[in-house]
Amino acid sequence: MADVVIIYDSRTGNTEKAAREILAGVMESGASVDIKKVDEATVDDVRKAKGIILGSPNINDNYSAKIRSFVETKLVQAKPHEKVGAAFGTYKWNMDNLKRLENDMRWKGVRLVAEGINVHRHGDGEVAKKLRELGRKVGEEARKSSA
């Protein structure tokens with residue numbers, strides 16, 4: 001069982017790259033972590049983790065249909081109350097996806113512990129540091145909840 005699970009959808013590889021930066025941050029926190037594409041993620045992945053990080057590209061001013069379906073079905077079934085989490089996204093033209101994803105996670109009961117990050121395509125340097133910090137914060141909070 002992982003302390004944190006990162007679940008993402010990626011169309012061009014940019015969101016996957018961002019997820020990998022976040023993975024590095026969670027690992028730096030000392031928390032155990034699994035990373036899964038949304039198609040592979042299960043209710044048990046969420047149920048067993050203490051923290052959840054969701055990521056999506058921006059599709060038509062929203063987060064992806066695959067992540068929306070996951071949030072409305074598997075996340076709800078996992079009863080995420082008392083779980084810590086965060087969201088991240090990637091965009092090409094606009095960035096409304098992150099705000100909507102964070103709101104939906106809150107409504108489902110996830111306690112967001114890090115400010116979400118929306119990346120224009122995939123950023124390096126400072127943006128990569130921010131992504132790792134997001135992962136580190138969620139990892140630290142997940143470890144606290146298991147103590």
Side-chain angles (χ1 to χ4, degrees), residues 2-29 31 33-142 145:
D3 293 320
V4 176
V5 62
I6 301 168
I7 299 169
Y8 68 93
D9 186 19
S10 189
R11 300 240 173 132
T12 62
N14 292 323
T15 310
E16 182 173 9
K17 289 176 188 172
R20 298 275 172 210
E21 293 290 351
I22 292 168
L23 172 69
V26 175
M27 292 172 68
E28 289 170 11
S29 77
V33 60
D34 283 337
I35 184 169
K36 298 200 171 200
K37 290 184 178 178
V38 67
D39 295 332
E40 301 163 356
T42 67
V43 172
D44 277 344
D45 292 328
V46 176
R47 191 175 285 139
K48 292 177 180 177
K50 294 165 186 69
I52 179 170
I53 303 172
L54 296 180
S56 175
N58 187 352
I59 310 292
N60 298 322
D61 295 330
N62 208 333
Y63 58 98
S64 76
K66 287 182 180 184
I67 291 289
R68 273 197 317 274
S69 176
F70 180 86
V71 167
E72 294 301 324
T73 58
K74 294 177 183 176
L75 183 64
V76 169
Q77 292 168 17
K79 297 181 171 75
H81 305 288
E82 307 302 320
K83 295 198 183 296
V84 297
F88 68 99
T90 55
Y91 67 97
K92 185 174 179 181
W93 304 111
N94 53 32
M95 51 187 183
D96 290 336
N97 58 326
L98 180 63
K99 184 174 20 176
R100 290 183 174 136
L101 179 54
E102 286 180 318
N103 285 338
D104 287 350
M105 289 175 74
R106 275 189 206 97
W107 275 100
K108 304 304 185 240
V110 177
R111 182 171 58 92
L112 300 180
V113 296
E115 183 178 342
I117 298 172
N118 220 354
V119 179
H120 185 253
R121 297 191 173 138
H122 174 69
D124 295 319
E126 287 302 311
V127 172
K129 287 180 188 176
K130 289 179 182 179
L131 290 165
R132 286 192 300 273
E133 181 60 24
L134 180 150
R136 202 169 19 259
K137 285 180 183 176
V138 175
E140 289 169 356
E141 290 296 322
S145 69

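All values below come from the heavy atoms of this structure, side chains included, with hydrogens, waters and symmetry mates left out.
- The environment of Lys37 atom NZ is sparse: at most 12 non-hydrogen atoms of other residues, nucleotides or ligands sit within 6.0 angstrom.
- The local environment of CD in Glu115 is sparse, with at most 12 non-hydrogen atoms from other residues, nucleotides or ligands closer than 6.0 Å.
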Query raised in the report: Going through the distances and angles, do Glu133 and Arg136 end up as a side chain to side chain contact (heavy atoms under 4.5 Å, CB included)?
Result: CA-CA 5 Å; Glu133 181 60 24; Arg136 202 169 19 259; 2.7 Å; yes
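- Side-chain contact between Glu141 and Lys137 is absent, with no heavy atoms from C-beta onward closer than 4.5 Å.
- Taking both residues in full, the closest heavy atoms of Ala86 and Val138 are given as CB-CG2, 3.7 Å, listed atom of the first, atom of the second, then distance.
- Once rounded to the nearest 0.5 Å, the distance linking CG of Asn118 with OH of Tyr91 reads 6.5 Å.
- Judged by distance alone, the side chain of Glu102 and the main-chain N or O of Gly116 form a donor-acceptor pair under 3.5 Å.
- By the 4.5 Å heavy-atom criterion applied to side chains, Glu21 and Val127 are not counted as neighbours.
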Report task. Give the intermediate values and the outcome of side chain to side chain contact (heavy atoms under 4.5 Å, CB included) for residues Leu75 and Ile7. Result -> CA-CA 11 Å; Leu75 183 64; Ile7 299 169; over 6 Å; no
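- Checked by atom type and distance alone, the side chain of Asn97 pairs as donor or acceptor with a backbone atom of Ser56 at under 3.5 Å.
- Note that CG of Leu54 is 11.5 Å distant from NZ of Lys108, once rounded to the nearest 0.5 Å.
- Looking at every heavy atom in both residues, Ile52 comes nearest to Met105 through O-CE, 4.0 Å.
- Lys17 has its side chain out of reach of Thr90: every pair of non-hydrogen atoms, C-beta onward, lies at least 4.5 Å apart.
- Nearest heavy-atom pair, Asp3 versus Ala31, reported as atom, atom and distance to 0.1 Å: OD2-CA, 3.4 Å.
- Other residues, nucleotides and ligands contribute at most 12 non-hydrogen atoms within 6.0 Å of the CZ atom of Arg11.
- A distance of 13.0 Å separates NZ in Lys129 from CD1 in Ile117, rounded to the nearest 0.5 Å.
- Of the possible polar contacts, none joining the Asp104 side chain to the Leu101 backbone as a donor-acceptor pair under 3.5 Å is found.
- Rounding to the nearest 0.5 Å gives a distance of 13.0 Å between CD1 of Ile22 and NZ of Lys130.
- Between Phe88 atom CZ and Leu134 atom CG the span is 8.5 Å, to the nearest 0.5 Å.
- The stretch residues 74-87 participates, sequence neighbours left out, in no side chain to side chain donor-acceptor pair (under 3.5 Å) pair at all.
- Shortest non-hydrogen contact noted between Gly89 and Leu98 is N-CD1, 4.3 Å.
- Taking each heavy atom of Val110 and Pro80 in turn, the nearest pair found is CG2-CB, 3.7 Å.
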When the side chains of residues 64-71 are checked against the rest of the protein, which donor-acceptor pairs come out under 3.5 Å, sequence neighbours left out?
residue: Ser64; atom: OG; partner: Asp9; partner atom: OD2; Å: 2.7
residue: Ser64; atom: OG; partner: Ile67; partner atom: N; Å: 3.2
residue: Lys66; atom: NZ; partner: Asp39; partner atom: OD2; Å: 3.0
residue: Arg68; atom: NH1; partner: Tyr63; partner atom: O; Å: 2.5

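- Checking Asn14 against Thr12 by side-chain atom types alone, a donor-acceptor pair falls below 3.5 Å.
- Between Ile53 and Gly135 the shortest heavy-atom distance is CD1-CA, 4.4 Å.
- A distance of 12.0 Å separates CG in Asp45 from CD1 in Ile35, rounded to the nearest 0.5 Å.
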